There are 2 protein chains.
Amino acid sequence: MSVSITEIAKRLNVSHSTVSRVLNGRGKQYASEQTARQIRDLAVELNYRPNRLASGLLRGKTNLIGVAMGRCNSSYAGGILEGVRAACEDIGYQVLLGRAKNDELSESKQVRLLLDYKVDGLICVADGWGHERILHWLDEVVMRDLPCAVIDSRAYADRVDCVVTDDVAGAAMATRHLIELGHRRIAHVGGGDIRTTSTDRRNGYLRALADAGIASDPALIQGCAYSKESATAAIQTILEVRPLPTAVFVASDGDAYWVWQTLNDRGIRVPDDIALVGYGNLDVGLGLGLTTVDQAPQTLGAMAVKRVLNRIDRPGAPHEVVELNTQLIVRRSSAARA
Amino acid sequence: MSVSITEIAKRLNVSHSTVSRVLNGRGKQYASEQTARQIRDLAVELNYRPNRLASGLLRGKTNLIGVAMGRCNSSYAGGILEGVRAACEDIGYQVLLGRAKNDELSESKQVRLLLDYKVDGLICVADGWGHERILHWLDEVVMRDLPCAVIDSRAYADRVDCVVTDDVAGAAMATRHLIELGHRRIAHVGGGDIRTTSTDRRNGYLRALADAGIASDPALIQGCAYSKESATAAIQTILEVRPLPTAVFVASDGDAYWVWQTLNDRGIRVPDDIALVGYGNLDVGLGLGLTTVDQAPQTLGAMAVKRVLNRIDRPGAPHEVVELNTQLIVRRSSAARA
DNA sequence: GTGAAAGCGCTAACAA
DNA sequence: TTGTTAGCGCTTTCAC
């Protein structure tokens, strides 16, 4: 099927190790210019390509980076993956993609599979869900000293590198934006589940209110779990409260979409009657004209690769937490009050 | 680092081939119940995991599927990838992700890299761009008899399996929708570049007009190439024409977003003044309330895996073109005329 | 039912 | 500068 180093060696009457040295040798080429030339020419002619499995097996280095993540068809997850891919391409690594369904065992099964292919490093997108899940495979990774970066969770910062954004600060920034626009009764849809991202965002919201000396109203805070049903229920409950809030901060753009729909159905105009701010800078919010907080997913992915690579080069370096800045994207869903 | 079959064999005083037969042997297990049990128990205890590089090297089968695609952070590309991942997970394959920038050599470089890892099959997302690009690596794939499915191009249906949607039919459906709403002056933004998808969609638009006995007006047809600038320029040119069109069919949701923005800036209301229909069912259109054509990206990805798998099982089967149905998603951007 | 042996394609230490 | 040798971890005949 494809030519091997041995085939080239045979044809040229040299040993296969000479061929190996010329074609795949690291550093200086221990071979005469003449032999080297012959070998290289024939390699091109026969379209020789090194077998990565063989070299990986022998050298214990595959130039593979495993990526364990859930669904990748949101602009956030897709952005992270794109960042990882771009960074990997630059440094000659390939991405081996694992898929974790949203249950604990599926993830560790996937990680184990990635390890079976002897990836040189591992990137895990925790997505805020990962706390107990990660424990299922963390030990194995740590034991093997496998370079590993976790995106979106700092829960295991002592054992792996973490690449995160500050959800508390981001949510506070979003809330502060509303406060600066003059809003005082600001509702919050989100949180109330096990994800740290949700909890952090809620805390950021609370902190911004406190900093501004605004008392938070528990009736204006409704949990929500990334679904049409929960988002709709949350905003409906909030709309029962009197006086009505003049703004809503939703912990994710996807849920903000459903909130917007519900407001629309009730004849409540955004931003005229109620201002709306989401989180995550998803594509769905773009169409909506939704003010939101960008998490720079591509940078997140690229940084994770950088951390992993750094650890491949310098094993045993202390684990780091890289915290990326979020950015407020103001669109028409939040407008200055009349 | 991790236990090998030899390690287990040593501890149990059996040969490594016996261990291999028990742990990774296909079909019947040629081993006594007792030995097998001992081996299995120890394997679990030591957390044995087969080295996929080794078995891949020897058996010439890696359970790896290579995926060559451009950016994956749109809901379309992400959806395809997600479909591929889900299908692969079901059948015990892993996805090795290649990344092609938008130039010819980058793609073939990526494909070659995927081949270096001895993937069992290849999926390429042509995205309408792929015609000349694919030629750069097609021969190599065909020569090796590597199972290969191309998504979004039927240009090489004689040499690989193709999984496509009918862009002509989809665009015709979208246009017909506008016609049925009573529109007669329907503009089109899109096409005019080398992608077949664009050309097909324009042809679908033209066909629907013809079928309805509506003469097409060249002034109402403006090329566009997936960018803010080209989309904005296209709609601006169209808005010079008198009488104004009452509807616009844009060949992609992304461009439809920019068209919408421009209309908005000009004080033209959608759908009251001008109805708008896009293509692709991207997330950005969701927020917009944009009528569009869904291409079922996840199904596309899943079908590609199915084709590749089929060819792995039955090499030499005739190449097939799988054509998936598109679906019109009606939202508020197209409304019945008053 | 089990072991010995060969080898997938490659790298690297050691000799020559 | 080059060849020999010994594997990496595994599968698969072929004997016994």
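Below, chain A is the first sequence line, B the second, and so on; all start at residue 1. As the structure is a prediction and not an experimental result, all values here were calculated from the model.
Side chains of A/Arg40 and A/Val22 form a contact here, defined as non-hydrogen atoms less than 4.5 Å apart.
Of the listed nucleotides (D/dT12, C/dG1, C/dC10), D/dT12 has the atom at the smallest distance from the side chain of B/Ser17. Nearest nucleotide to the A/Ser20 side chain, out of D/dC10, C/dC10, C/dT11: C/dT11. Considering only side-chain atoms of A/Thr35, the nucleotide from C/dT2, D/dT1, C/dT11 that sits closest is D/dT1.
Nearer to the 5' terminus of DNA chain C, by closest-nucleotide assignment, is the contact made by B/Asn13 (compared with the other of B/Asn13 and B/Ala54).
With rounding to whole Å, A/Arg21 atom CZ is found 8 Å from D/dT1 atom C1'. Rounded to an integer number of Å, the gap from CG of B/Leu58 to C1' of D/dT12 is 7 Å. Distance A/Arg52 CZ to C/dT11 P: 10 Å, rounded to the nearest Å. Here C/dC10 presents its P atom at 9 Å from CG of B/Leu57, a figure rounded to the nearest Å. The CD1 atom of B/Ile39 sits 15 Å away from the C1' atom of D/dT11 (whole-angstrom rounding). Distance OH (B/Tyr117) to C1' (C/dG9): 15 Å, rounded to an integer number of Å. Atom P of nucleotide D/dG9 and atom NZ of B/Lys118 are separated by 21 Å, given to the nearest angstrom. Put simply, CG on B/Asn51 is 6 Å from C1' on D/dG9, counting in whole angstrom units.
Contact annotation: B/Thr6 side-chain N/O to D/dG9 OP1/OP2 distance is not under 4.0 Å. Taking 4.0 angstrom as the limit, A/Ser55 places none of its side-chain polar atoms (N or O) nearer than this to OP1 or OP2 of C/dT11. An OP1 or OP2 oxygen of D/dC10 is reached within less than 4.0 angstrom by a side-chain nitrogen or oxygen of B/Tyr48.
Under the 3.5 Å distance criterion, with hydrogens and angles disregarded, a donor-acceptor pair is assigned to the side chains of A/Asn73 and B/Gln298. With 3.5 Å as the limit, one finds no donor-acceptor pair spanning the side chains of A/Tyr117 and B/Asn63.
At a threshold of 4.0 Å, the pair B/Arg85-B/Glu89 does not count as salt-bridged, since none of the basic side-chain nitrogens sits closer than that to a carboxylate oxygen.
Within a 6.0 Å radius of NZ in B/Lys61, other residues, nucleotides and ligands contribute more than 12 heavy atoms.
At a threshold of 4.0 angstrom between heavy atoms, the contacts of B/Asp116 with the nucleic acid are absent.
A donor and an acceptor atom sit less than 3.5 Å apart, one in the side chain of B/His16 and one in the base of D/dT11.
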